[in-house]
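When a residue number appears, it is its place in the shown sequence, counting from 1.
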Amino acid sequence: MLDTPQILTLPAQHVAVVPLALAPDEVAAAMPEAIAELLRALAVQGILPTGPLFSYHAEPPGPWWCFEVGVPVSEPLAPMGRVRPGALRATRAALATYRGPYEGLGAAWGEFTAWMEGAGLVPAADLWERYVRGPESGDDAATWCTEFVRPLA
(Lines give C-alpha, C1' and ligand atoms only; values in the text may rest on other atoms or scores of the structure.)
Protein backbone atom coordinates (compact mmCIF):
# COMPACT_ATOMS: atom_id res chain seq x y z
CA MET A 1 0.00 0.00 0.00
CA LEU A 2 1.34 3.41 -1.00
CA ASP A 3 0.39 6.44 1.11
CA THR A 4 -0.41 9.72 -0.65
CA PRO A 5 2.89 11.20 -1.85
CA GLN A 6 4.00 14.65 -0.74
CA ILE A 7 6.49 17.29 -1.86
CA LEU A 8 9.05 18.46 0.66
CA THR A 9 12.51 19.95 1.00
CA LEU A 10 15.13 17.64 2.47
CA PRO A 11 18.26 19.00 4.18
CA ALA A 12 21.76 17.89 3.26
CA GLN A 13 22.99 14.99 5.38
CA HIS A 14 26.32 13.35 6.14
CA VAL A 15 26.11 9.65 5.36
CA ALA A 16 28.22 6.52 5.62
CA VAL A 17 27.88 4.22 2.62
CA VAL A 18 28.99 0.95 1.06
CA PRO A 19 29.02 1.18 -2.76
CA LEU A 20 27.66 -1.88 -4.59
CA ALA A 21 27.32 -2.93 -8.25
CA LEU A 22 25.15 -6.02 -8.55
CA ALA A 23 22.79 -7.90 -10.82
CA PRO A 24 19.24 -7.45 -9.48
CA ASP A 25 19.04 -11.08 -8.34
CA GLU A 26 22.16 -10.60 -6.17
CA VAL A 27 20.84 -7.64 -4.16
CA ALA A 28 18.91 -9.54 -1.46
CA ALA A 29 21.90 -11.76 -0.66
CA ALA A 30 24.47 -8.92 -0.67
CA MET A 31 22.57 -6.36 1.42
CA PRO A 32 22.93 -8.05 4.86
CA GLU A 33 26.72 -8.29 4.51
CA ALA A 34 27.02 -4.67 3.35
CA ILE A 35 24.80 -3.48 6.21
CA ALA A 36 26.81 -5.47 8.76
CA GLU A 37 30.07 -4.01 7.43
CA LEU A 38 28.60 -0.51 7.56
CA LEU A 39 27.39 -0.88 11.15
CA ARG A 40 30.74 -2.40 12.26
CA ALA A 41 32.64 0.58 10.83
CA LEU A 42 30.33 2.99 12.65
CA ALA A 43 30.73 1.08 15.93
CA VAL A 44 34.53 1.03 15.64
CA GLN A 45 34.56 4.79 15.10
CA GLY A 46 31.97 5.52 17.78
CA ILE A 47 29.51 7.07 15.31
CA LEU A 48 25.78 6.46 15.66
CA PRO A 49 23.29 6.44 12.77
CA THR A 50 20.91 9.42 12.88
CA GLY A 51 18.22 7.82 10.71
CA PRO A 52 17.17 4.67 8.90
CA LEU A 53 19.16 2.59 6.44
CA PHE A 54 18.77 3.61 2.82
CA SER A 55 19.82 2.61 -0.67
CA TYR A 56 20.84 5.49 -2.94
CA HIS A 57 20.85 5.19 -6.73
CA ALA A 58 22.56 7.97 -8.71
CA GLU A 59 20.48 6.75 -11.68
CA PRO A 60 17.44 4.48 -11.87
CA PRO A 61 18.37 0.78 -11.72
CA GLY A 62 19.00 -0.97 -15.04
CA PRO A 63 20.52 -4.36 -15.87
CA TRP A 64 23.12 -3.72 -13.16
CA TRP A 65 22.22 -1.94 -9.95
CA CYS A 66 25.00 0.49 -9.06
CA PHE A 67 24.02 1.98 -5.72
CA GLU A 68 25.10 2.74 -2.18
CA VAL A 69 23.64 1.24 0.96
CA GLY A 70 24.07 3.63 3.85
CA VAL A 71 22.84 5.48 6.90
CA PRO A 72 22.79 9.17 7.82
CA VAL A 73 25.37 10.09 10.45
CA SER A 74 26.06 13.14 12.59
CA GLU A 75 29.64 13.52 11.35
CA PRO A 76 31.82 12.17 8.54
CA LEU A 77 33.59 8.91 9.26
CA ALA A 78 37.02 7.73 8.15
CA PRO A 79 36.99 5.23 5.27
CA MET A 80 37.18 1.64 6.50
CA GLY A 81 37.08 -1.37 4.17
CA ARG A 82 34.29 -0.69 1.67
CA VAL A 83 32.67 1.91 3.95
CA ARG A 84 33.04 5.49 2.74
CA PRO A 85 31.86 8.91 3.92
CA GLY A 86 29.34 10.62 1.70
CA ALA A 87 26.52 13.11 1.59
CA LEU A 88 22.93 13.34 0.47
CA ARG A 89 22.38 16.78 -1.05
CA ALA A 90 19.69 19.17 0.06
CA THR A 91 16.86 18.84 -2.40
CA ARG A 92 13.20 19.41 -3.14
CA ALA A 93 11.72 15.96 -3.57
CA ALA A 94 8.61 13.86 -3.91
CA LEU A 95 8.28 11.36 -1.06
CA ALA A 96 5.93 8.42 -0.76
CA THR A 97 5.61 5.79 1.96
CA TYR A 98 5.07 2.15 1.02
CA ARG A 99 3.79 -0.29 3.61
CA GLY A 100 4.33 -3.97 2.91
CA PRO A 101 6.84 -6.66 1.96
CA TYR A 102 9.92 -5.92 -0.10
CA GLU A 103 8.51 -8.04 -2.94
CA GLY A 104 6.00 -5.22 -3.55
CA LEU A 105 8.57 -2.45 -3.91
CA GLY A 106 8.72 -2.63 -7.72
CA ALA A 107 4.96 -2.24 -8.16
CA ALA A 108 4.88 0.54 -5.56
CA TRP A 109 7.65 2.42 -7.40
CA GLY A 110 5.56 2.09 -10.56
CA GLU A 111 2.56 3.59 -8.75
CA PHE A 112 4.71 6.41 -7.36
CA THR A 113 6.19 7.16 -10.79
CA ALA A 114 2.70 7.26 -12.33
CA TRP A 115 1.60 9.69 -9.60
CA MET A 116 4.57 11.96 -10.34
CA GLU A 117 3.83 11.91 -14.07
CA GLY A 118 0.14 12.64 -13.43
CA ALA A 119 1.12 15.58 -11.23
CA GLY A 120 3.40 16.97 -13.96
CA LEU A 121 6.53 16.52 -11.81
CA VAL A 122 9.90 16.01 -13.49
CA PRO A 123 12.23 13.79 -11.44
CA ALA A 124 15.98 14.17 -11.28
CA ALA A 125 18.03 11.08 -12.19
CA ASP A 126 18.74 10.01 -8.61
CA LEU A 127 16.47 8.27 -6.13
CA TRP A 128 16.61 6.48 -2.83
CA GLU A 129 14.67 4.22 -0.51
CA ARG A 130 14.70 4.66 3.27
CA TYR A 131 13.98 1.45 5.17
CA VAL A 132 12.07 2.88 8.13
CA ARG A 133 10.83 -0.48 9.42
CA GLY A 134 11.73 -3.90 8.01
CA PRO A 135 12.38 -7.53 8.92
CA GLU A 136 14.22 -6.53 12.11
CA SER A 137 10.90 -5.17 13.45
CA GLY A 138 9.02 -8.47 13.16
CA ASP A 139 7.78 -11.13 10.79
CA ASP A 140 4.57 -9.34 9.75
CA ALA A 141 5.65 -7.80 6.43
CA ALA A 142 2.42 -5.77 6.32
CA THR A 143 3.94 -3.56 9.05
CA TRP A 144 7.18 -2.88 7.18
CA CYS A 145 7.63 0.71 5.99
CA THR A 146 9.81 2.00 3.15
CA GLU A 147 10.00 5.63 2.05
CA PHE A 148 10.65 6.44 -1.61
CA VAL A 149 12.51 9.69 -2.26
CA ARG A 150 12.67 11.14 -5.76
CA PRO A 151 14.41 14.53 -6.07
CA LEU A 152 12.77 16.92 -8.53
CA ALA A 153 14.61 18.38 -11.51
Side-chain angles (χ1 to χ4, degrees), residues 2-3 5-43 45 47-117 121-137 144-153:
L2 195 65
D3 292 353
Q6 56 186 310
I7 306 300
L8 59 136
T9 301
L10 299 172
Q13 296 180 29
H14 291 293
V15 297
V17 298
V18 174
L20 298 169
L22 304 164
D25 63 348
E26 299 173 325
V27 173
M31 288 283 283
E33 180 183 332
I35 292 166
E37 184 176 353
L38 177 64
L39 296 178
R40 275 193 305 274
L42 293 177
Q45 296 185 39
I47 297 173
L48 295 174
T50 60
L53 284 162
F54 65 85
S55 61
Y56 173 82
H57 300 257
E59 297 197 8
W64 281 91
W65 289 15
C66 298
F67 67 101
E68 298 171 330
V69 59
V71 293
V73 292
S74 58
E75 61 187 284
L77 82 160
M80 184 176 167
R82 296 185 299 169
V83 180
R84 300 283 176 259
L88 291 176
R89 62 185 166 84
T91 187
R92 185 170 177 262
L95 180 138
T97 302
Y98 164 74
R99 298 174 197 286
Y102 292 152
E103 292 81 13
L105 290 172
W109 269 107
E111 184 180 338
F112 182 40
T113 299
W115 176 86
M116 289 183 68
E117 289 171 356
L121 299 172
V122 178
D126 59 338
L127 59 94
W128 60 93
E129 293 177 344
R130 294 192 290 206
Y131 307 105
V132 178
R133 194 170 41 257
E136 76 290 343
S137 66
W144 299 356
C145 178
T146 304
E147 292 178 339
F148 300 159
V149 179
R150 196 72 203 259
L152 300 174

**Item:** Glu33 atom CD: more than 12 heavy-atom contacts under 6.0 Å
**Value:**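 Not more than 12 within 6.0 Å, no.
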Which atoms form the tightest heavy-atom contact between [X] and [Y], and what is the distance?
X: Ala28; Y: Pro32; answer: O-CD, 3.2 Å
X: Leu152; Y: Ala94; answer: CG-N, 4.1 Å
X: Pro72; Y: Pro52; answer: CD-O, 3.3 Å
X: Pro49; Y: Leu39; answer: CG-CD2, 4.4 Å
X: Pro63; Y: Pro24; answer: O-CD, 3.1 Å
X: Ala41; Y: Leu77; answer: CB-CD1, 4.4 Å

What I'd like to find out is whether the side chain of [X] reaches to under 4.5 Å of the side chain of [Y], using heavy atoms alone.
X: Asp126; Y: His57; value: no
X: Phe112; Y: Phe148; value: yes
X: Val17; Y: Val71; value: no
X: Arg89; Y: Pro151; value: yes
X: Ile7; Y: Arg92; value: yes
X: Leu20; Y: Trp65; value: no
X: Val149; Y: Phe54; value: no
X: Ser55; Y: Phe67; value: yes

When rounded to the nearest 0.5 angstrom, what distance separates [atom1] in [X] from [atom2] in [Y]?
X: Glu68; Y: Leu38; atom1: CD; atom2: CG; value: 11.0 Å
X: His14; Y: Glu75; atom1: NE2; atom2: CD; value: 8.5 Å
X: Leu105; Y: Leu2; atom1: CG; atom2: CG; value: 10.5 Å
X: Thr91; Y: Leu10; atom1: OG1; atom2: CG; value: 7.0 Å
X: Trp109; Y: Met116; atom1: CH2; atom2: CE; value: 8.5 Å
X: Met80; Y: Glu37; atom1: CE; atom2: CD; value: 8.0 Å

**Item:** Polar contact flag, side-chain donor to acceptor under 3.5 angstrom, Tyr102-Thr146
**Value:**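 No, because no side-chain N or O of Tyr102 sits under 3.5 Å from a partner of the opposite role on Thr146.
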Hey, does the side chain of [X] reach the backbone of [Y] with a donor-acceptor pair shorter than 3.5 angstrom?
X: Glu147; Y: Tyr98; result: no
X: Gln45; Y: Leu42; result: no
X: Arg84; Y: Gly81; result: yes

